[in-house]
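Quick note: numbers below take in every heavy atom, side chains included, and nothing from hydrogens, waters or symmetry partners. Atoms within a ligand are numbered from 1 in the order they appear, just like the ligands themselves.
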Amino acid sequence: MSKETDIPDLPTEITPQSQDFGRWYIDVVRRAELADYSPVKGCMVIRPYGYAIWELMQQGLDRRFKATGHVNAYFPLFIPESLLMKETEHVQGFAPQVAWVTQGGTEVLEERLVVRPTSETIIGTMYAKWVQSWRDLPILINQWANVVRWEKVTRLFLRTTEFLWQEGHTAHETAEEAEAETKKMLGVYKDFAETELAMPVIDGQKTESEKFAGAERTYSIEALMRDGRALQAGTSHNLGQNFAKVFDIKFQARDKSVQYVYGTSWGVSTRMIGGVIMTHGDEGGLILPPRIAPYQVVIVPIISKPKFKETVLPRAQAIRDELVGRGIRVFLDDRDTQTPGWKFNEWELRGVPLRLEIGPKDIEKSQVVLARRDTREKSFVQTDGLADHVAGMLDSIQQALLARAVAFRDEHTTRTDSYDEFKQIMEGRPGFVIAPWCGSAKCEADVKAETQATIRNIPFEGPSGTGKKCLKCGGDATVLAWFAKAY
Ligand SMILES: [Zn+2]
């Protein structure tokens, strides 16, 4: 620990996952050079390797946002106090986490500013100016930004005071359109998580007590981490006319009457990087799904001095160029300061999906060695048609990671109608527990107080709770809820 910054030194070893999952997570994040602590309490530094993952996530999301008719814009970082205070429920939800700006230079501000914890209020204010007629609707805007929510505990990527995210804010003519938009964007998140991150998610509705402050309904996607805890990976909110009424976002309807718009907002953040780490990682460190891996293939030339530079290296460079030409992200690790064994270990730890080894003997036989990170299987592959083979293998790794994560989630999802059994299950590393619930906030709160488990969501699909009795009070159940201990 250095005195100047209080930032602990980088770990040299990774704590075994089985020994201490939390320690393992932090070790992987720091040792794989994804992120680090900073001299600012609660704030992290996202290092280039971690930021490259975020950029790939952004691309995957942004492509989907545009394909569903959304456009990007940018709104101010600061929000005047009076704007935030307009929506009572919203204020109460965010007040404990808000950072204030009280002074600019040497002048004390007449009105305090908050650093945005989310942007409904400032965006709503602008929409009120931009919307006059039904012809101005819908507004489908997304913002890529940073937000600040004061946190007492720091967990890299999972809980930090400042984080990066996107927030979509839309305005519609009718309640039906807003509801369709809210669900559509949750569907986009689910598709993104499963296709790009190989992270299976449960999509459903949040309970009243867990919904967004100021929303009518909140929907979420929930993933299961390898320690049996759930992670909320994205949310989509139907704001109804709440913000429209407060911010006066009115329009002349088709029948000439004056109406308030119906709003939605939806967001995912850098927290998803934490989700990827905890969904796929193993004792060897990080495992990245190929679609979001900054390097999908690392080439390690097997050094045979003195002819390395004349023989192996040119061949390795030619292979790199061939793979890059095919659109594959490749890193050729030609450092002569490290041994091949050291490089194998390093890139395994940093989660590169595929390692390509090539030495003098391989060149003689017109072959290379491919080693998969997920299964650690090695195979000899002919250099003829190599790019096709590698591309196919990356696809199969992507599929295998998703299948493995689905299997893990299914193995760690149980059903019970008995509260005694529920409590027993929640003592270990439970995963999801599906149980009947009457819909009362008191039962939900009591279960949380006694077991730490919260209702993650009520899935859109799945059997109803009709005919069952509430886990906690024994009254008639209305739904089957998915409970878990969560991040
Ligand atoms: Zn109950």
Could you please tell me which protein N, O or S atoms lie under 2.8 Å from the Zn ion (ligand 1)?
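Listed by chain and number: C438 SG, C443 SG, C470 SG, C473 SG.
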Within the supplied structure, the quantity of interest is the number of heavy atoms (other residues, nucleotides, ligands) at a distance under 6.0 Å from E461 CD; does it exceed 12?
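For E461, atom CD is not crowded (no more than 12 foreign heavy atoms under 6.0 Å).
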With R64 as the cation and F192 as the aromatic partner, state whether NZ or CZ is under 6.0 Å from the six-membered ring centre and within 45° of the axis.
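No, cation not above the ring by the 6.0 Å, 45° rule.
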Both conditions, 6.0 Å and 45 degrees, for the charged tip of R226 above the ring of F408: are they met here?
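Here R226 passes the 6.0 Å and 45° test against F408.
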For E216, all residues meeting side-chain hydrogen bond (donor to acceptor under 3.5 Å, both in side chains), sequence neighbours excluded:
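For E216, no residue satisfies side-chain hydrogen bond (donor to acceptor under 3.5 Å, both in side chains) once neighbours in sequence are set aside.
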Between D255 and S257, do the side chains contain an N or O donor and an N or O acceptor separated by less than 3.5 Å?
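Present: a donor and an acceptor within the cut-off.
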Option passing ring pair (Phe, Tyr, Trp, His ring centres under 6.0 Å) with F432 (candidates W482, F483, F422)
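Exactly one option meets the ring pair (Phe, Tyr, Trp, His ring centres under 6.0 Å) with F432, and it is W482.
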